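Chain A is the first sequence line, chain B the second, and so forth, proteins listed ahead of strands; every chain is numbered from 1. Note that the coordinates shown come from a computational prediction; the quantities given were computed from them, not determined experimentally.
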2 protein chains.
Amino acid sequence: MKQISSRFSIAVHILSLIAVSSKDCTGDFIAGSVNTNPVIIRRIMGMLKKAGLVDIRPGVGGASLLKDRDQITLLDVYRAVEVIEDGQLFNFHDDPNPQCPVGRNIEAALRSEMKEAQSAMEQRLAQVNLSQLAAQFV
Amino acid sequence: MKQISSRFSIAVHILSLIAVSSKDCTGDFIAGSVNTNPVIIRRIMGMLKKAGLVDIRPGVGGASLLKDRDQITLLDVYRAVEVIEDGQLFNFHDDPNPQCPVGRNIEAALRSEMKEAQSAMEQRLAQVNLSQLAAQFV
DNA sequence: CACCGTTGTAACCATTGTAGTTACTACACG
DNA sequence: CGTGTAGTAACTACAATGGTTACAACGGTG
């Protein structure tokens, strides 16, 4: 299966850098720490900006957090960069046969469980914020 | 992002059919209820067979469960069909820069949280078995 | 045994998401 | 104005997915 995109881990990396770094964080500087192309960083920072997590200064460069470090959770970051259709982690096969009792009823039953499982994961992500994470790499 | 493959929902559909159906479940019959190509069904049933969940009779056709309905959880099905590298739902970007304090330490910290989030989802899937699901479509 | 329906695969295709690259424009400041 | 940065568009390469056709292997039944 396709894993959840590394955009998420890169985004967390970006925000951590901005959080702990006193100096100006330019896209190229971040790209050096993440070890990837600056355009990748700019794309993801664009998503973080759109989500209202960071402020980016065009022209002169540099980024800063728009919220307090302990107000940004991993779920916020996940939601900012993992744009899925309808936010549904699980895919459901199209058009089960309504003539069949199983085909007719399985969708509602299974979708409910899928939603619960996804929610369990998201709740766990919501428990961790940037401060807690940054404290782990002293 | 790419959603979790519909193989999972189809696999649950297949097992539900086998569980509630008294007559022989052939691949073509199941394909009719799922509303897809029989080869898709055979591929997924092959995974379920390899996982030890079902027994399939070649030649004459027909499948049956190898475990009791309440001994097969959604997590069993998920693990049977969603084969990910190392079983890791989250992807982590390669080779953060070890020269940078953030790049050097973020991987361990973040991987730990990713593991917890994935585990939370899987634990939720493990709470539901085929009997409970089948009971929902009376 | 011959036939028939089924399972088990291999091969191929179109579509989509991902990650990366190059190139260019827009912007802010000294 | 010149420099360095952000913001994008366009393109490539690669992999997963879902689907399709085709064919071999298998197991009963007439």
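Annotation: of the two residues near DNA chain D, C25(A) and N91(A), the 5′-most nearest-nucleotide partner is C25(A). Nearer the 5' end of DNA chain C, as judged by each residue's closest nucleotide, is the contact made by G61(B), out of G61(B) and N35(A). Summary of the strand contacts: K2(A) and V60(B) both lie near DNA chain C, and taking for each the nucleotide with the nearest heavy atom, the more 5' one is attributed to V60(B).
As a whole-Å value, the separation of I4(A) CD1 from dG17(C) P is 16 Å. Rounded to whole Å, atom P of dT6(C) lies 14 Å from atom CD1 of I41(B). Nucleotide dT7(C) holds its P atom 18 Å from the NZ atom of K50(B), rounded to whole Å. What separates CG of N37(B) from C1' of dA22(D) is a distance of 12 Å, to the nearest Å. Distance CD1 (I44(A)) to P (dA6(D)): 14 Å, rounded to an integer number of Å. When the P atom of dC14(D) is taken as reference, atom CD of Q3(A) falls 19 Å away, rounded to whole Å. Atoms CG (D94(A)) and P (dT16(C)) sit 13 Å apart, rounded to a whole Å. As rounded to whole Å, 17 Å separates atom C1' of dT17(D) from atom CZ of F92(A).
For the side-chain hydrogen bond (donor to acceptor under 3.5 Å, both in side chains) criterion with H93(A), the lone passing option out of S9(B), S5(B), S6(B) is S9(B).
Ring pair Y78(A)/F8(A) is perpendicular by interplanar angle, where above 60° counts as perpendicular and below 30° as parallel.
Shown here are the side chain to side chain donor-acceptor pair (under 3.5 Å) partners of D76(B), two or more places apart in sequence or in another chain: T73(B).
Closest approach to the T26(B) side chain among dT7(C), dA6(D), dT21(D) is made by dT7(C) (side chain taken as heavy atoms from C-beta onward). Taking the side chain of I40(A) as heavy atoms from C-beta on, and the options dG17(C), dA19(C), dG27(D), the nearest nucleotide is dA19(C).
Atoms CE and CZ, from M47(B) and R7(B) in turn, are 4.5 Å apart once rounded to the nearest 0.5 Å.
Minimum interatomic distance between Q118(A) and L89(A) (heavy atoms only, all atoms of both residues): OE1-N, 3.0 Å.
Looking at S16(A), its side chain does come within 3.5 Å of a backbone N or O of V12(A) through a donor-acceptor pair. Remark: side-chain polar atoms of D86(A) are not paired, donor with acceptor, to backbone N or O of Q88(A) under 3.5 angstrom.
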Below 3.5 Å between N/O atoms, which protein atoms pair up with nucleotides 8-11 of chain C? Just atom names and distances, please.
residue: dG8(C); atom: OP1; partner: K49(B); partner atom: NZ; Å: 2.9
residue: dG8(C); atom: N7; partner: R42(B); partner atom: NH1; Å: 3.1
residue: dG8(C); atom: O6; partner: R42(B); partner atom: NH1; Å: 2.6
residue: dT9(C); atom: O4; partner: R42(B); partner atom: NH1; Å: 3.3

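Among the atoms of the strands shown, base atoms are found under 4.0 Å from some heavy atom of G59(A).
Look at S6(B) and you'll find a side-chain N or O under 4.0 angstrom from OP1 or OP2 of dG18(D). Contact annotation: T36(A) reaches the phosphate of dG20(C) (side-chain N/O to OP1 or OP2, under 4.0 Å).
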